[in-house]
Asker: 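One structure follows; several queries about it will come next.
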Amino acid sequence: MAVTLLAQSLWDAAKFHLDLFGTLGLLLGFIAGIMPHRHGMLLASAACAACFGLHYLHLGALTGTAMCGIALLQNLVSVQAVRPTGRAAWVAPLFAATTLMAASLTVITWNGWPSACAGLGTLLATAARLQGDPQAMRRFFVGASLCWAGHNLLVSSVFGLTCDLLTLSGLGLSLARHHFRRPDTQAHPVAHHAAAG
């Protein structure tokens with residue numbers, strides 16, 4: 001009988017946080033972390049941001065919802081206009097405007113530490129999306145994910161926190177995979193990629 005009551009209590013505590021968008025966001029966050037190329041990371045991150053925006057809206061975490069909207073826009077712009085060789089001239093002003101928007105929305109929807117964590121996480125993710133190099137992008141995303149983990153812990157988003165842990169794991173695996181490549185594949189990544197393809 002005690003096991004049944006414990007199981008029911010755990011279910012009652014968790015069921016509010018379980019939703020389809022949190023589940024999809026969790027899966028997409030991990031997929032984004034392990035994607036081998038920048039383009040795939042950004043598209044998976046865009047889909048993850050859309051899902052978590054809806055998840056946070058369900059939880060009433062308005063700063064998180066707003067930051068996810070900005071992340072969605074920035075990911076889609078970065079896919080199209082930021083390359084390893086540079087970025088379109090209009091990207092910097094657009095990202096500056098979205099950064100100001102993120103700061104304003106953080107203040108407007110202020111809820112203490114959760115808002116601070118979401119705002120800082122958004123700023124670090126913005127810096128990540130401006131990187132042409134996938135490894136540099138991953139490093140900034142590690143910082144962003146740590147901030148979002150703080151947000152998700154504070155707003156009790158089980159899916160968000162789980163996603164952050166999986167994303168950090170995926171990013172760590174990808175960073176390590178790149179670090180431990182044979183030296184000849186790092187020196188000539190284009191030649192290696194052509195040979196592998």
Side-chain angles (χ1 to χ4, degrees), residues 13-35 41-78 94-131 135-175:
K15 71 181 175 183
F16 175 73
H17 303 289
L18 302 179
D19 64 31
L20 175 63
F21 296 110
T23 303
L24 290 173
L26 186 148
L27 295 172
L28 289 163
F30 179 70
I31 289 168
I34 62 170
M35 286 298 224
M41 280 191 290
L42 290 166
L43 288 176
S45 291
C48 180
C51 289
F52 269 106
L54 294 169
H55 172 68
Y56 292 138
L57 185 63
H58 172 77
L59 292 179
L62 299 181
T63 305
T65 302
M67 298 305 116
C68 286
I70 290 169
L72 176 61
L73 172 67
Q74 288 179 348
N75 277 307
L76 295 176
V77 167
S78 189
L94 177 69
F95 271 56
T98 57
T99 299
L100 288 173
M101 188 183 330
S104 298
L105 288 169
T106 299
V107 170
I108 291 168
T109 62
W110 187 257
N111 188 32
W113 282 108
S115 296
C117 291
L120 183 57
T122 298
L123 291 176
L124 289 169
T126 296
R129 292 180 196 104
L130 287 170
Q131 305 302 310
Q135 290 302 95
M137 189 166 62
R138 285 184 182 102
R139 286 185 205 94
F140 276 105
F141 275 142
V142 166
S145 294
L146 289 170
C147 291
W148 278 101
H151 171 271
N152 291 324
L153 183 66
L154 294 168
V155 301
S156 301
S157 172
V158 174
F159 279 115
L161 190 56
T162 304
C163 179
D164 294 323
L165 296 175
L166 286 173
T167 299
L168 286 164
S169 298
L171 290 167
L173 287 171
S174 293
L175 286 165

Asker: State the OG1-CG distance between Thr99 and Leu130, to the nearest 0.5 angstrom.
Answerer: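 The CG atom of Leu130 is 7.5 Å from OG1 of Thr99, to the nearest 0.5 Å.
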Asker: CG/Leu154 to CH2/Trp113 distance, rounded to the nearest 0.5 angstrom?
Answerer: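 Output value for this atom pair is 9.5 Å.
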Asker: Could you report the tightest heavy-atom contact between Ser174 and Gly33, atom names first, then the distance?
Answerer: OG-O, 3.0 Å
Asker: Nearest 0.5 Å please: distance from the CG atom of Leu24 over to the NE2 atom of His55.
Answerer: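 Here the rounded value is 11.5 Å.
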Asker: Scan the side chains in residues 121-128 for donor-acceptor partners under 3.5 Å anywhere in the protein, sequence neighbours excluded, and list what turns up.
Answerer:
{"unit_1": "Thr122", "atom_1": "OG1", "unit_2": "Ala118", "atom_2": "O", "d": "2.9"}
{"unit_1": "Thr126", "atom_1": "OG1", "unit_2": "Gln74", "atom_2": "OE1", "d": "2.8"}
{"unit_1": "Thr126", "atom_1": "OG1", "unit_2": "Gln74", "atom_2": "NE2", "d": "3.0"}
{"unit_1": "Thr126", "atom_1": "OG1", "unit_2": "Thr122", "atom_2": "O", "d": "2.8"}

Asker: Which distance, rounded to the nearest 0.5 Å, do you find between the CG of Leu43 and the CG of Leu76?
Answerer: 7.5 Å
Asker: Would one find more than 12 heavy atoms of other residues, nucleotides or ligands at under 6.0 Å from atom CH2 of Trp110?
Answerer: yes
Asker: I'd like to know whether Trp148 forms a side chain to side chain contact (heavy atoms under 4.5 Å, CB included) with Leu168, so could you lay out the CA-CA distance, the side-chain angles of the two residues, the decisive distance to 0.1 Å, and finally the verdict.
Answerer: CA-CA 11 Å; Trp148 278 101; Leu168 286 164; over 6 Å; no
Asker: Just by modelled atom types, is the Thr167 backbone N or O under 3.5 Å from a matching donor or acceptor in the Ser145 side chain?
Answerer: no
Asker: Which atom pairs, one a donor and one an acceptor, fall under 3.5 Å between side chains of residues 60-72 and the rest of the protein, sequence neighbours left out?
Answerer:
{"unit_1": "Thr63", "atom_1": "OG1", "unit_2": "Thr109", "atom_2": "O", "d": "2.9"}
{"unit_1": "Thr63", "atom_1": "OG1", "unit_2": "Thr109", "atom_2": "OG1", "d": "2.4"}
{"unit_1": "Thr63", "atom_1": "OG1", "unit_2": "Ser115", "atom_2": "OG", "d": "3.0"}
{"unit_1": "Thr65", "atom_1": "OG1", "unit_2": "Leu57", "atom_2": "N", "d": "3.0"}
{"unit_1": "Thr65", "atom_1": "OG1", "unit_2": "Ala61", "atom_2": "O", "d": "3.0"}

Asker: Return the minimal non-hydrogen interatomic distance between Leu28 and Cys51, and the atom names on each side.
Answerer: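 Taking Leu28 first and Cys51 second, the nearest heavy atoms are CD1-SG, 3.9 Å.
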Asker: Identify the two heavy atoms, one from Cys48 and one from Gly25, that lie closest to each other, and give their separation to 0.1 Å.
Answerer: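 Heavy atoms of Cys48 and Gly25 come nearest at SG-O, 3.3 Å.
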Asker: Just verifying a value: how many Å separate Gln131 CD and Phe140 CZ, rounded to the nearest 0.5 Å?
Answerer: 5.0 Å
Asker: List the residues meeting side chain to side chain contact (heavy atoms under 4.5 Å, CB included) with Ile31, not counting sequence neighbours, and say none if there are none.
Answerer: Met35, Ala44
Asker: To the nearest 0.5 Å, how far apart are CG in Asn111 and OG1 in Thr106?
Answerer: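 Going from the CG atom of Asn111 to the OG1 atom of Thr106 covers 11.5 Å.
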Asker: How close do Gly160 and Tyr56 get, heavy atom to heavy atom, and via which atoms?
Answerer: CA-OH, 4.4 Å
Asker: Kindly determine whether Phe21 and His58 satisfy side chain to side chain contact (heavy atoms under 4.5 Å, CB included), including the steps that lead there.
Answerer: CA-CA 9 Å; Phe21 296 110; His58 172 77; over 6 Å; no
Asker: Can you check side chain to side chain contact (heavy atoms under 4.5 Å, CB included) on Val77 and Phe95, steps first, answer last?
Answerer: CA-CA 9 Å; Val77 167; Phe95 271 56; 3.7 Å; yes
Asker: How close do Ser78 and Leu42 get, heavy atom to heavy atom, and via which atoms?
Answerer: OG-CD1, 3.5 Å
Asker: Tell me, do Thr162 and Phe30 make a side-chain contact under 4.5 Å, heavy atoms counted?
Answerer: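 When only atoms from C-beta onward are counted, Phe30 and Thr162 do not touch, as no gap falls below 4.5 Å.
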